[in-house]
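Structure first, commentary second.
Each chain gets a letter, A, B and so on, in the order its sequence line appears, and its residues count up from 1.
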There are 2 protein chains.
Amino acid sequence: MAYLCFMLSKKTKYGLKALSVLAKHDRDNPVTTLTISDSEHISYKFLESILISLRKAGYLGSKKGKGGGYYLLQSPEKIPLTDIMRLLEGPIALLPCVSLNYYEACDDCQSEETCSIHRLMIKVRDSTLEIFRNHTVADLK
Amino acid sequence: MAYLCFMLSKKTKYGLKALSVLAKHDRDNPVTTLTISDSEHISYKFLESILISLRKAGYLGSKKGKGGGYYLLQSPEKIPLTDIMRLLEGPIALLPCVSLNYYEACDDCQSEETCSIHRLMIKVRDSTLEIFRNHTVADLK
DNA sequence: TGCAAAACCTATTAAACCGATAGGTTATTA
DNA sequence: TAATAACCTATCGGTTTAATAGGTTTTGCA
């Protein structure tokens, strides 16, 4: 059986795991992509692309060459998981019409007030959001 | 932009909407697929397959021929949304390894105790689960 | 100065899945 | 007997995911 929707992508999963590794090292001791891909059993090339997007978004610094690698630019307690989730996964919501950061109207709905599932999905969004908002990269261990 | 994962499938969305329509009618006045597909702006053929799976799972009864259609087999207050979600969407969890009904171990994880994101995902699952458990088809309106 | 390490970049792929469509058959009612 | 509506099987195009391939650039060090 397959579980596509409603599930975390491997991209996000691997990204969170990588961040938890990086949170255990300071910026003077960068961690290489290979180190993380080995210890977390993640495809090297796939992880590479994830770390690059985390760097481009401003969460990671990098150092090339021998002794190089990636490191957190802020202390892990200062990085809420909402930010990471939104970057890697996208909206924290079960429907685009209840997403705060990636809102999109539904094709099939006339209005959101009369939609039979809108309010329920807002409840789910809020409860999930509260968890991610109250946890940071430092909680990944 | 596209939002695949972490999102409800249209199948589930349409299924919930259809149930909310059926909840407004008693079993002596079945509602046709066409009526629902028109009022909810859902593809007829797609909705058809959804209603059939709801019937096969024991939630709906059906009546063929003129005056026929679908109707709820129980009163809407007695159908918790957890059941519907699991049928149409699958696991109520962000990872198979934290799913209660569709559990699957991760390939990359050594153990769930040491997994850096396992506990967090359990929290999300529990909060989502609580909402769906405390709501029924009768709440869809 | 040259070699190795490691980040960085672009492109491509195979498989899977979603959402929808097509074209029927069967059962029921009037 | 004709219309209605559920029911069934199969297929399809498009999109996305996750991974792979094959490079270039920068840095440290012997």
key: Heavy-atom donor-acceptor pair, A/Glu89 side chain to A/Leu8 backbone, under 3.5 Å   = no

ask   = To the nearest Å, how far apart are A/His41 NE2 and D/dA19 P?
value = 14 Å

ask   = Do the side-chain N or O atoms of A/Arg55 get closer than 4.0 angstrom to the phosphate oxygens (OP1, OP2) of C/dA6?
value = no

inquiry  = Using the side-chain heavy atoms of A/Lys64, tell me which of these nucleotides is nearest: D/dA18, C/dA20, D/dT25.
reply    = D/dT25

task = Please check the phosphate of D/dA19 (OP1 and OP2 only) for any side-chain N or O of A/Ser49 closer than 4.0 Å.
result = no

inquiry  = Taking 4.0 Å as the cut-off, does a side-chain nitrogen or oxygen of A/Ser62 come that near to OP1 or OP2 on C/dC8?
reply    = yes

query = Looking at A/Val124, A/Asn134, A/Leu100, which hits side-chain contact (heavy atoms from CB on, under 4.5 Å) with A/Leu129?
reply = A/Leu100

request  = Check for a donor-acceptor pair, side chain of A/Tyr102 on one end and backbone N or O of A/Arg86 on the other, with a separation under 3.5 Å.
outcome  = yes

request  = Could you tell me the separation between the OH atom of B/Tyr14 and the P atom of C/dT21, rounded to a whole number of Å?
outcome  = 10 Å

key: Short side-chain to backbone donor-acceptor contact, B/Asp139 and B/Thr136, under 3.5 Å   = yes

ask   = Once you round it to whole Å, what is the distance between P of D/dA10 and CZ of B/Phe46?
value = 19 Å

ask   = Between C/dA6, C/dG19, C/dT29, which nucleotide has the shortest distance from any of its atoms to the side chain of B/Ser9?
value = C/dG19

query = Which nucleotide in the list C/dA30, D/dT20, C/dA20 gets nearest to the side chain of A/Ser43?
reply = D/dT20

query = For the side chain of B/Glu48, counting heavy atoms from C-beta on, which of D/dA19, C/dT29, D/dC7 is nearest?
reply = D/dC7

note = Assign each of A/Lys63 and A/Thr12 the nucleotide of DNA chain D bearing its closest heavy atom; nearer the 5' end lies the nucleotide of A/Thr12

task = Verify the contact: side-chain N or O of A/Tyr44 to OP1 or OP2 of C/dA7, cut-off strictly under 4.0 Å; return yes or no.
result = yes

inquiry  = From CG of A/Leu47 over to P of D/dT17, roughly how many Å is that when rounded to an integer?
reply    = 17 Å

task = Measure from CG on B/Leu51 to P on D/dC8 and round the result to the nearest Å.
result = 13 Å

request  = Using a strict 4.0 Å threshold on nitrogen-to-oxygen distance, state whether B/Asp108 and A/Lys10 make a salt bridge.
outcome  = no

ask   = Starting at CG of A/Leu88 and ending at C1' of D/dA18, how long is that distance when rounded to a whole Å?
value = 14 Å

task = Please report, rounded to the nearest Å, how far the P atom of D/dA5 is from the OH atom of B/Tyr70.
result = 12 Å

ask   = Within the structure shown, what part of the strands sits under 4.0 Å from A/Thr33 by heavy-atom distance: base, sugar-phosphate, or nothing?
value = sugar-phosphate

key: Separation of C/dG2 P from A/Lys66 NZ (nearest whole Å)   = 19 Å

task = Kindly say if A/Lys56 contacts the phosphate of C/dC9, meaning a side-chain N or O under 4.0 Å from OP1 or OP2.
result = yes

